[in-house]
Chemist: 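There's a structure below that I have some questions on.
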Amino acid sequence: MSTSDANKSNDKNEVASEENSTRSLHFIEQIIENDAKTGKFGNRVHTRFPPEPNGYLHIGHAKSIILNSGMAQQYGGLFNLRFDDTNPSKEDVEYVESIKEDVKWLGADWGDRLFFASDYFEQMYEYAVQLIKKGKAYVCDLSSDEIRATRGTPTEPGTPSPWRDRSVEENLDLFQRMRDGEFPDGSKTLRAKIDMASPNFNMRDPVMYRIIHTPHHRQGNKWNIYPMYDWAHGLEDSIEGITHSICTLEFEHHRPLYDWFLDELGVYHPQQIEFARLNLTYTVMSKRKLLALVTGKYVDGWDDPRMPTICGLRRRGYTPEALRLFCKVIGVAKFNSTIDATVLENAVREDLNKKALRRMAVLDPIKLVIDNYPEEQKETLVAINNPENEDDGTREVPFSKVLYIERGDFMEDAPKKYFRLTPGKEVRLRYAYYVTCKNCVKDAEGNVVEVHCEYDPATRGGQSPDGRKVQGTIHWVDAEAAVDAEVRLYDRLFNVPNPDDPQNPGEYTDHLNPDSLKIVSNAKLEPSLANATLDERFQFERVGYFTLDKTSAPDALVFNRTVSLRDSWSKLAQK
RNA sequence: UACCCGAUGGUGUAAUGGCAGCACAAGGGAUUUUGGUUCCCUUUGUCGAGGUUCGAGUCCUCGUCGGGUAGCCA
């Protein structure tokens with residue numbers, strides 16, 4: 001070992017012990033660190049994310065991606081992206097690119113290790129031949145119905161296939177002919193010869209290969225047989241030298257089979273580890289249901305900002321950092337839990353609070369007229385871009401006699417604790433002046449259309465020389481300089497915490513939140529927002545976090561609300 | 001019904017036989033040119049019954065409850 005190698009492994013140990021002392025480890029970290037101590041995998045850590053290219057990734061996948069790539073990064077190991085494309089009748093290239101984009105966006109780095117299970121088909125075939133020669137696999141002529149009927153039940157063992165004891169020669173011949181395409185779909189399978197009486201169904205002579213005469217998106221018509229997940233997955237892990245093969249809980253009782261195949265073959269044997277998949281309140285996570293939301297036009301496509309898909313969250317304005325923070329907070333365990341949607345919202349607030357540029361935008365505008373402000377006067381005022389980060393600097397915002405403010409920032413008859421505009425009350429216009437509310441103008445129906453006030457010229461910038469305080473500060477935009485925009489306000493997709501709960505009457509689609517999207521078509525924004533770009537994140541002060549939508553155009557701006565600001569006033573107001 | 005896995009405040013998650021801790025939520029207070037942020041304080045927990053032990057959230061037994069499993073899906 002060279003000195004630099006020695007240093008490297010020392011560093012690794014130090015990192016591990018430092019982690020140990022500074023925070024607690026989740027059970028997978030404990031397994032990895034223990035393996036490092038015993039030298040089980042020669043101190044290597046190599047993980048993978050193995051999606052099937054048959055749908056879009058969602059936040060549940062993000063948990064897995066962040067876990068797998070995070071373990072590799074944390075322990076100086078490697079991470080592979082591998083498409084588990086073993087079933088051509090369900091898969092499509094269309095999904096490959098979107099999955100790559102999502103994984104990359106999350107910050108998981110697979111380097112040059114982008115793999116496809118289908119590239120291992122020849123090797124898998126050779127392995128299958130080995131098992132046949134060992135007398136551990138056989139070609140079975142039973143139909144799928146017959147296989148099901150002879151598999152037994154939880155209390156009764158299965159009955160052996162009449163084809164179980166074919167000779168090695170016959171099996172070899174038949175298997176080759178299955179590959180050559182001599183037999184129709186479903187007419188034969190290759191099965192492992194294990195134990196029809198096993199309490200674990202997965203061990204009752206599981207199917208290894210089935211006949212499918214469907215062109216594969218990467219292999220074309222080369223193959224007429226395709227490997228089943230249980231047969232293929234361990235081999236893929238083994239071929240790639242994966243150390244810790246992390247998957248979700250439902251594969252737990254597949255592990256004996258995973259182990260059996262690798263042991264019978266006598267090949268390199270990674271360790272499968274199962275963790276609990278993510279469940280989130282007020283949404284659904286199954287591919288089938290997400291697809292149904294799209295095809296049923298309940299949402300505007302896979303990347304609708306209300307969807308829990310990674311592309312949806314991205315369009316909504318979530319950041320990879322927010323999702324990583326979220327995953328850190330929820331932890332990793334084997335307990336099936338449901339995470340409250342507010343935890344996700346908090347994670348994105350925490351991230352965006354640090355990095356979002358502050359801007360002023362009025363979503364529900366009414367005019368504010370400053371009666372004692374000179375008619376033709378215009379000025380610019382200096383506003384701070386981000387109080388959380390001085391490096392973001394300042395900007396200038398135009399100001400004049402007529403402004404827009406939020407309708408909700410004026411009340412004609414206000415409760416005592418209302419700190420905003422009401423006749424006789426003085427408030428601060430953020431970064432501008434103190435103004436005192438005088439009165440309002442109403443239309444024929446009694447709706448307030450204009451609020452009138454008087455300003456104190458000595459309070460320019462928003463502070464008074466005499467030191468008097470105001471209770472409230474409200475945001476505003478100059479009426480003449482404002483730019484128009486459409487703003488889309490998103491809320492939870494469902495109005496029940498668990499749309500999947502069988503306790504709920506009806507279909508899960510019956511519980512869609514009718515107010516999950518509110519479109520504000522006449523928002524007034526400060527002029528600098530006209531130059532916003534898709535990668536920027538904004539906080540509209542006192543309102544929430546926003547980002548430009550992909551459908552936005554220079555003459556028709558569209559912003560998405562990522563998440564509202566915490567609002568302790570609404571709690572107070574309810575009392 | 002059989003097998004596998006799990007169970008710690010309202011929700012998540014630590015404590016690896018030795019003071020039940022952290023985060024979020026909730027409640028209270030301070031600061032504040034965002035009713036935001038930040039800071040401080042408070043309330044709330046080991047599924048049940050036995051056993052082992054000086055000592056059990058942790059180990060054992062039995063129960064209860066929850067999840068998963070009977071695709072030629074992954």
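A, B, ... follow the sequence lines: proteins, then strands. Residue 1 opens every chain.
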Chemist: Which is true for A:His254 with a 4.0 Å heavy-atom rule: it touches a base, it touches only sugar-phosphate, or it touches nothing?
Modeler: base
Chemist: When we call it a touch if two heavy atoms are under 4.0 Å apart, what does A:Glu388 touch: a base, just sugar-phosphate, or nothing?
Modeler: base
Chemist: Counting side-chain heavy atoms from CB outward, which of B:U34, B:G12, B:U1 is closest to A:Arg430?
Modeler: B:U34
Chemist: Show, in sequence, the C-alpha distance, side-chain angles and deciding distance for A:Lys355 and A:Asp351, and conclude whether the salt bridge (Lys or Arg N to Asp or Glu O under 4.0 Å) test is met.
Modeler: CA-CA 7 Å; A:Lys355 57 175 82 151; A:Asp351 184 51; 2.9 Å; yes
Chemist: If the condition is side chain to side chain donor-acceptor pair (under 3.5 Å), which residues does A:Thr338 pass it with, not counting sequence neighbours?
Modeler: none
Chemist: Where along nucleotides 18-25 of chain B does protein come under 4.0 Å, by heavy atom, of base (B) or sugar-phosphate alone (S), with - for untouched nucleotides?
Modeler: ------SS
Chemist: Do the ring planes of A:Phe115 and A:Tyr120 sit parallel (below 30°), tilted (30 to 60°) or perpendicular (above 60°)?
Modeler: tilted
Chemist: Are side-chain N/O atoms of A:Glu345 and A:Thr342 paired as donor and acceptor at under 3.5 Å?
Modeler: no
Chemist: When we call it a touch if two heavy atoms are under 4.0 Å apart, what does A:Tyr229 touch: a base, just sugar-phosphate, or nothing?
Modeler: base
Chemist: According to a strict under-4.0 Å criterion, is A:Ser337 in side-chain N/O contact with OP1 or OP2 of B:U13?
Modeler: yes
Chemist: Once you measure the plane-to-plane angle for A:Tyr226 and A:His216, does it fall in the parallel (<30°), tilted (30-60°) or perpendicular (>60°) bin?
Modeler: parallel
Chemist: If you measure from the Lys or Arg side-chain nitrogens to the Asp or Glu carboxylate oxygens, is any gap between A:Lys354 and A:Glu321 under 4.0 Å?
Modeler: no
Chemist: Is there a side-chain polar atom (N or O) of A:Arg148 under 4.0 Å from OP1 or OP2 of B:A70?
Modeler: no
Chemist: For A:Met203 and B:C3, what is the distance between atoms CE and C1' respectively, to the nearest whole Å?
Modeler: 13 Å
Chemist: Taking Watson-Crick (N1-N3 plus N6-O4 or O6-N4) and G-U wobble (N1-O2, O6-N3), each under 3.5 Å, can you produce the dot-bracket string of RNA chain B? Use [ ] for crossing pairs and | for inter-strand ones.
Modeler: .((((((..((((....[..)))).(((((.......)))))....(((((..]....))))))))))).....
Chemist: Is the glycosidic angle of B:G71 within 90° of 0, making it syn, or outside that range, making it anti?
Modeler: syn
Chemist: Hey, does A:Ile147 reach any base, or is it just sugar-phosphate, or nothing, if we go heavy atoms under 4.0 Å?
Modeler: base
Chemist: Would you call A:Phe419 stacked on B:G35, i.e. ring centres under 5.5 Å apart with the planes less than 30° off parallel?
Modeler: yes
Chemist: If the threshold is 4.0 Å, N to carboxylate O, is there a salt bridge linking A:Lys289 and A:Asp500?
Modeler: yes
Chemist: Please work out whether the ring planes of A:Tyr125 and A:Trp223 are parallel, tilted or perpendicular, with thresholds of 30° and 60°.
Modeler: tilted
Chemist: When the ring planes of A:His233 and A:Tyr258 are compared, do they come out parallel, tilted or perpendicular, using 30° and 60° as the limits?
Modeler: tilted
Chemist: Which pairs count as side-chain hydrogen bond (donor to acceptor under 3.5 Å, both in side chains) when at least one residue sits in residues 50-61 of chain A, sequence neighbours excluded?
Modeler: A:Glu52-A:Asn54, A:Asn54-A:Lys287
Chemist: Please enumerate all protein N or O atoms sitting under 3.5 Å from an N or O of nucleotides 61-68 of chain B, with distances to 0.1 Å.
Modeler:
residue	atom	partner	partner atom	Å
B:G67	O2'	A:Asn336	ND2	2.8

Chemist: A:Tyr418 has a side chain; which of B:G35, B:C72, B:U1 sits nearest to it?
Modeler: B:G35
Chemist: When the nearest nucleotide of RNA chain B is assigned to A:Pro227 and to A:Arg255 on a heavy-atom basis, which residue is associated with the more 5' position?
Modeler: A:Arg255
Chemist: In residues 273-285 of chain A, which ones come under 4.0 Å of RNA chain B, going by heavy atoms?
Modeler: none
